[in-house]
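We use all heavy atoms of the structure for the numbers below, so side chains are in, but hydrogens, waters and symmetry mates are not. Treat the numbers as computed from the prediction; the structure is a model and nothing was measured. Note that the numbering runs from 1 along the sequence shown for the chain.
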Amino acid sequence: MNHNMLSNSASANYLDRGASGGARPKRNSPAPNGQPYVRFFVPPATPPCGLRFRYENELRKCIIYGRGGSDNNRIPPSIEIMNYHGSAQVVVSCVSRDPPYYPHPHQLMLLGQDEPKPTKSKLGKPNSCEPQEPKFKGIVHVVSEPGRPIVRFDQLRLISTKQKEAEVLLQERKLQKIDPFNTGFCIEDILKSVDYSCFRLCFHVFLTIDGKLVALKPLLSEPIFDKKVLSGLRIHYISHCSAPVTGGQPVVLLTDKIKKNEVQLKFFCEKTGWEAIAETTEPHYHKNVAIVFQSPRYLIHDIDRPVNVKLQLIRLTDRAVSEPIDFLLKPVEHTNRELHVKKRLKYAETPKGLVQKQLNIEAMQSAKLMNNQVQTRRAVDLDVNYYLDNLDNILTNFSPIGYQSNLIS
């Protein structure tokens with residue numbers, strides 16, 4: 001593959017056709033009916049922890065590799081042009097993550113492509129390197145050889161753009177008329193919506209068919225995130241660990257540094273399968289580390305006892321979740337005394353209440369039995385004392401002599 005820049009005639013043709021006031025090149029969508037289209041042979045790697053974006057003046061470089069490689073065996077990203085065997089021109093640029101895919105101010109280059117080359121003096125010694133202005137700054141242009149449909153991008157370097165330099169670079173990109181999705185290139189709209197910690201790679205392929213330049217449908221990579229902002233989700237502190245089942249309880253949650261509008265708070269109960277997303281309230285986010293939200297409503301409002309649920313964070317970009325924490329949904333306190341007494345009576349019929357009730361019954365029966373035994377013993381003691389006190393009279397009345405004398409009288 002020859003990593004040459006676009007020829008002057010081809011680039012002029014592309015720029016003329018890509019002007020906002022002129023006609024755009026024809027884009028063919030991937031189709032199995034023999035029409036040319038482009039697909040990934042090795043898609044760019046999108047690590048879960050992100051890439052470390054680096055500026056131009058940093059010594060270390062940010063290289064975008066292909067998916068499936070290892071630390072010892074790096075694979076470059078590559079595309080494959082299907083149903084076409086001629087020479088193709090590929091334009092690689094950065095676009096925004098979300099539609100309409102605005103041009104992104106971050107820059108790309110093939111390592112060594114635009115670096116200055118030393119010149120030799122008359123004595124044969126190399127002179128100092130003089131910087132050379134590239135033809136197209138911030139984007140990559142390569143030309144594939146005929147008969148080789150796979151185009152590789154070895155040492156594809158990303159150069160992060162500072163916020164204060166974004167407008168100047170976008171102006172240069174506008175002069176180049178590099179706008180793959182024909183967004184109109186409104187710099188004000190781009191600067192308002194630009195996300196410097198995330199972008200996509202756009203591979204725009206141009207073919208020469210019947211002497212005309214034909215543009216295929218742009219091929220987009222998965223979102224690539226900056227490692228500095230794509231940290232793991234974790235809940236560090238929460239102001240309230242419980243709320244009523246009717247919802248509406250304001251809660252403040254502290255977490256790691258996050259991006260606005262990219263995190264949801266999910267409540268769920270594994271037993272019942274209930275799920276709900278909490279609604280954020282003003283001021284929503286504070287310093288990208290605090291979230292203010294309202295607790296959601298539970299599935300059932302008329303509950304007898306608190307319900308244990310879980311709370312976790314969900315990142316919308318990659319669906320990553322945090323470790324869930326426990327949250328308690330409590331029943332509503334009723335002001336009506338009759339309803340309150342009714343619920344207390346109903347709560348007393350729980351297994352624990354039934355056991356306690358049975359124990360009370362057994363205790364009352366034991367006490368009653370002991371009382372009966374005491375009363376019986378007291379009666380026996382009274383009878384014994386009576387017989388002991390009147391023993392002489394009893395013996396006299398019941399002796400044979402006394403009995404005979406009574407008969408004689």
Side-chain angles (χ1 to χ4, degrees), residues 1-18 24-45 63-69 73-95 101 103 107-115 117 132 134-159 173 176-181 200-222 224:
M1 181 183 64
N2 184 14
H3 289 186
N4 296 327
M5 304 295 290
L6 286 172
S7 61
N8 295 331
S9 59
S11 60
N13 192 6
Y14 164 68
L15 295 180
D16 292 341
R17 291 173 176 267
R24 300 291 299 175
K26 182 181 178 182
R27 293 174 183 163
N28 295 327
S29 58
N33 56 357
Q35 295 182 1
Y37 66 96
V38 60
R39 68 178 184 181
F40 280 117
F41 188 74
V42 178
I63 306 299
I64 301 176
Y65 295 102
R67 188 184 303 172
N73 184 21
R74 300 288 190 178
I75 302 174
S78 58
I79 61 174
E80 185 176 10
I81 304 172
M82 307 299 294
N83 303 327
Y84 184 77
H85 303 284
S87 177
Q89 304 176 50
V90 185
V91 180
V92 188
S93 61
C94 298
V95 297
Y101 302 117
Q107 306 175 70
L108 297 173
M109 64 174 290
L110 291 177
L111 203 61
Q113 173 178 291
D114 296 328
E115 293 182 353
K117 297 181 180 180
Q132 301 175 1
K135 296 180 181 179
F136 295 95
K137 187 177 181 180
I139 57 178
V140 171
H141 295 253
V142 296
V143 179
S144 66
E145 297 180 359
R148 294 189 177 182
I150 298 177
V151 184
R152 301 175 56 185
F153 301 90
D154 296 290
Q155 298 294 310
L156 182 61
R157 178 190 175 189
L158 170 68
I159 302 175
R173 199 80 57 83
Q176 300 171 4
K177 299 182 177 64
I178 305 298
D179 188 8
F181 289 90
R200 292 177 186 262
L201 290 178
C202 177
F203 298 83
H204 208 181
V205 178
F206 299 88
L207 310 178
T208 303
I209 301 177
D210 298 331
K212 297 180 180 180
L213 196 65
V214 179
L216 301 183
K217 182 179 179 180
L219 183 64
L220 290 177
S221 69
E222 295 294 327
I224 300 176

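For CZ of Phe41, the number of neighbouring non-hydrogen atoms (other residues, nucleotides, ligands) closer than 6.0 Å is 12 at most.
In this structure, the side chains of His204 and His141 stay at 4.5 Å or more apart for every pair of heavy atoms. With a 4.5 Å cut-off on side-chain heavy atoms, Leu156 and Ile63 do not count as touching. A 4.5 Å side-chain heavy-atom check between Glu80 and Met82 finds at least one atom pair inside the cut-off. In this structure, the side chains of Tyr101 and Cys202 stay at 4.5 Å or more apart for every pair of heavy atoms. The shortest side-chain heavy-atom distance between Val95 and Leu220 falls under the 4.5 Å cut-off. In this structure the side chain of Phe206 reaches within 4.5 angstrom of the side chain of Val91, judged on heavy atoms.
The aromatic ring centres of Phe153 and Phe203 sit less than 6.0 Å apart.
From Leu219, atom CG reaches atom CZ of Arg200 across 11.0 Å, with rounding to the nearest 0.5 Å. Atom-to-atom distance recorded for Asn83:CG and Tyr37:OH is 6.0 Å, nearest 0.5 angstrom. One distance of note links CZ of Arg173 with CG of Asp179; it measures 10.0 Å at 0.5 Å rounding. Rounded to the nearest 0.5 Å, atoms CD (Gln155) and CG (Leu110) are 9.0 Å apart. Here the CG atom belonging to Leu108 is positioned 9.0 Å from the CD1 atom belonging to Ile139, to the nearest 0.5 angstrom. From Lys217, atom NZ reaches atom CZ of Phe181 across 8.0 Å, with rounding to the nearest 0.5 Å.
The backbone N or O of Leu201 sits less than 3.5 Å from a side-chain atom of Ser221, completing a donor-acceptor pair. At least one donor-acceptor pair closer than 3.5 Å links the side chain of Ser87 to the backbone N or O of Ser144.
Salt-bridge annotation for Asp210 and Lys212: absent, with no side-chain N of the basic residue lying under 4.0 Å from a carboxylate O of the acidic one.
In terms of heavy-atom proximity, Ala88 sits nearest to Val205 at CB-CG1, 4.1 Å.
Tested against Tyr84, the residues Leu216, Leu207, Val214 include a single side-chain contact (heavy atoms from CB on, under 4.5 Å) partner, Leu207.
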